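Structure, as structure tokens:
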Amino acid sequence: MSGNFSAEARAQLAAQVERIVAATPARDIHTHLYDPAFGDLLLWGIDDLLVYHYLVAESFRYLDIPYEKFWKLSKTAQADLIWDALFIQHSPISEACRGVLTTLHRLGLDVNKRDLPSLRSWFAGWQPEKYISRCLELANVQSTCMTNSPFDDLERPVWERGFARDERFIAALRIDPLLLTWPETAHRLTTWGYATDEALSDKSISSVRRFLADWTRRIDAKYLMVSLPPQFDFPDGSVCSQLIERAVLPHCREFGLPFALMLGVQRAVNPGLAMAGDGMGRSNLAALERLCAGFPENKFLVTVLSRENQQELCVAARKFRNLHVFGCWWFTNVPMIVEEMTRMRLELIGLSVTLQHSDARVLDQLIYKWEHSRQIIARVLTGKYTDLAATGWVPTETEIARDVADLLGGAFTRFCAS
Ligand code: FIX
Ligand code: ZN
């Protein structure tokens, strides 16, 4: 093949890239799934798929019932309302609705019957252990990072008791309450044996360091993480900023762990919607640049929620090798924006990026989130390789497989190990 890249050669390349992207196992570097040892905390099945907060938000565009009344209903009754509003009364074309259908379809179910009771009885026949393997296999996901919060009263006792780990579920230490609600958290830390005061004395900071060290070891965390509001600034003298500088970053350096920043979430814009009521805003990425520049020995894993921030984030990654860009997060995880972000990232930062994470809260969502993402990744990559082939540089099968493995978790693994 040469500069004259024929339509037939292009079609072959497209098929090759699609096959490789589908066959390459992904490491899902941020989810809200749990090791099966956490029992009911690991959500799965049709009702959990339907009451996903993305669908709750969409259903209230149509539902005419007070929020408090909805929240008092059982999960099944909530799922019934959502199914009726989003799938029966209107065509389910939003990305989150389509995702439910992709998932059911891949599981071998006939969605065209529009029969919720029969879907429920199909799911009732599964045991979680077997179902986990089925979903991971269909999604071609080799491992998932959890979101593990010592501040979660349901989760904490399971870690404290201890359990045999399932190696497909990797731990990440979530620290939002530490950075965002300090006075309350200081009090909790003190009651757990980590004496802290509101003033952030040296003694408090060393207690926070001890707390982070104990939990990092207990859960074998592979990174620390926080989601921050659009107003986040650094350094700004706030408690959050001081805790990052004096406790979190030194801790990450000591343990050789990245700090993941998810920037741009405005919590509880509509509190009546509970978890579905979070919004977003544009972040100040100068704060991120100051972190990367000021702490070159620290590693930052970063995703941003606002479409308007995406180019700045890519440019920051060009400046700072201690910054690893990942995922199309939440409101950006819709095909139109994923396509744009994927193209922009490949064009600005090449292959040293993790193109996607699922953020799955329900196990079965891995199936659709990865299938939809893979379709777009394959399409965008095909365009890039076609451009190369037009110059006479035709990528080999091995080179394509190497690149795809990097984009689906290989680059992340190297970044964490570096
Ligand atoms: O902060 C996060 O990890 C977010 O992903 C969640 O808060 C959010 O609710 C979510 O599920 C987005 O996909
Ligand atoms: Zn998340």
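All values derive from a computational prediction rather than experimental measurement. Counting starts at 1 for both ligands and their atoms, following the listed order. Quick note: numbers below take in every heavy atom, side chains included, and nothing from hydrogens, waters or symmetry partners.
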Protein contact to [atom] [nearest heavy atom, distance to 0.1 Å]:
atom	answer
atom 13 (O) of ligand 1	Y54 OH, 2.5 Å
atom 4 (C) of ligand 1	W329 NE1, 3.5 Å
atom 11 (O) of ligand 1	R361 NE, 2.8 Å

Identify the residue among R218, K222, R217 that makes a salt bridge (Lys or Arg N to Asp or Glu O under 4.0 Å) with D220.
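With D220 as partner, salt bridge (Lys or Arg N to Asp or Glu O under 4.0 Å) holds for just one option, K222.
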Between K369 and ligand 1, which part of the residue brings a heavy atom under 4.0 Å of the ligand: side chain, backbone, both or neither?
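No part of K369 comes within reach of ligand 1.
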Where does M225 meet ligand 1, judged by heavy-atom distances below 4.0 Å: at the side chain, the backbone, both, or neither?
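Within the 4.0 Å criterion, M225 makes no contact with ligand 1.
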Using the ring centroid of each side chain, check whether [X] and [Y] are separated by less than 6.0 Å.
X	Y	result
Y223	F326	no
H187	W182	no
Y67	F60	yes

Only heavy atoms of [X], strictly under 4.0 Å: list the atoms of ligand 1 that pass.
X	result
D359	5 (O), 10 (C), 11 (O), 12 (C), 13 (O)
S227	1 (O), 2 (C), 3 (O)
H30	3 (O), 5 (O)

When you draw lines from the Zn ion (ligand 2) to NE2 of H32 and to NE2 of H30, what angle lies between them, to the nearest 10°?
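Answer comes to 110°, rounded to 10°.
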Short N or O distance, Y52 and ligand 1, threshold 3.5 Å exclusive
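Between Y52 and ligand 1, no N or O pair is found under 3.5 Å apart.
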Angle between ring planes, Y34 versus F38, binned at 30° and 60°: parallel, tilted or perpendicular?
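Y34 vs F38 ring planes: tilted.
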Describe, in one word, how the ring planes of W83 and F87 are oriented to each other, choosing from parallel (under 30°), tilted (30 to 60°) and perpendicular (over 60°).
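Rings of W83 and F87: parallel, under 30°.
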Which option out of R174, R267, H53 puts a heavy atom nearest to atom 3 (O) of ligand 1?
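Of the listed residues, R174 has the closest heavy atom.
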If you measure from the Lys or Arg side-chain nitrogens to the Asp or Glu carboxylate oxygens, is any gap between R134 and E137 under 4.0 Å?
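The answer is yes: the pair qualifies as a salt bridge.
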Minimum-distance atom from the Zn ion (ligand 2) among N, O or S atoms of D359:
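For D359, the N/O/S atom sitting closest to the Zn ion (ligand 2) is OD1.
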Which pair of heavy atoms, one from A195 and one from R210, lies closest together, and at what distance?
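The answer is N-NH2, 4.4 Å.
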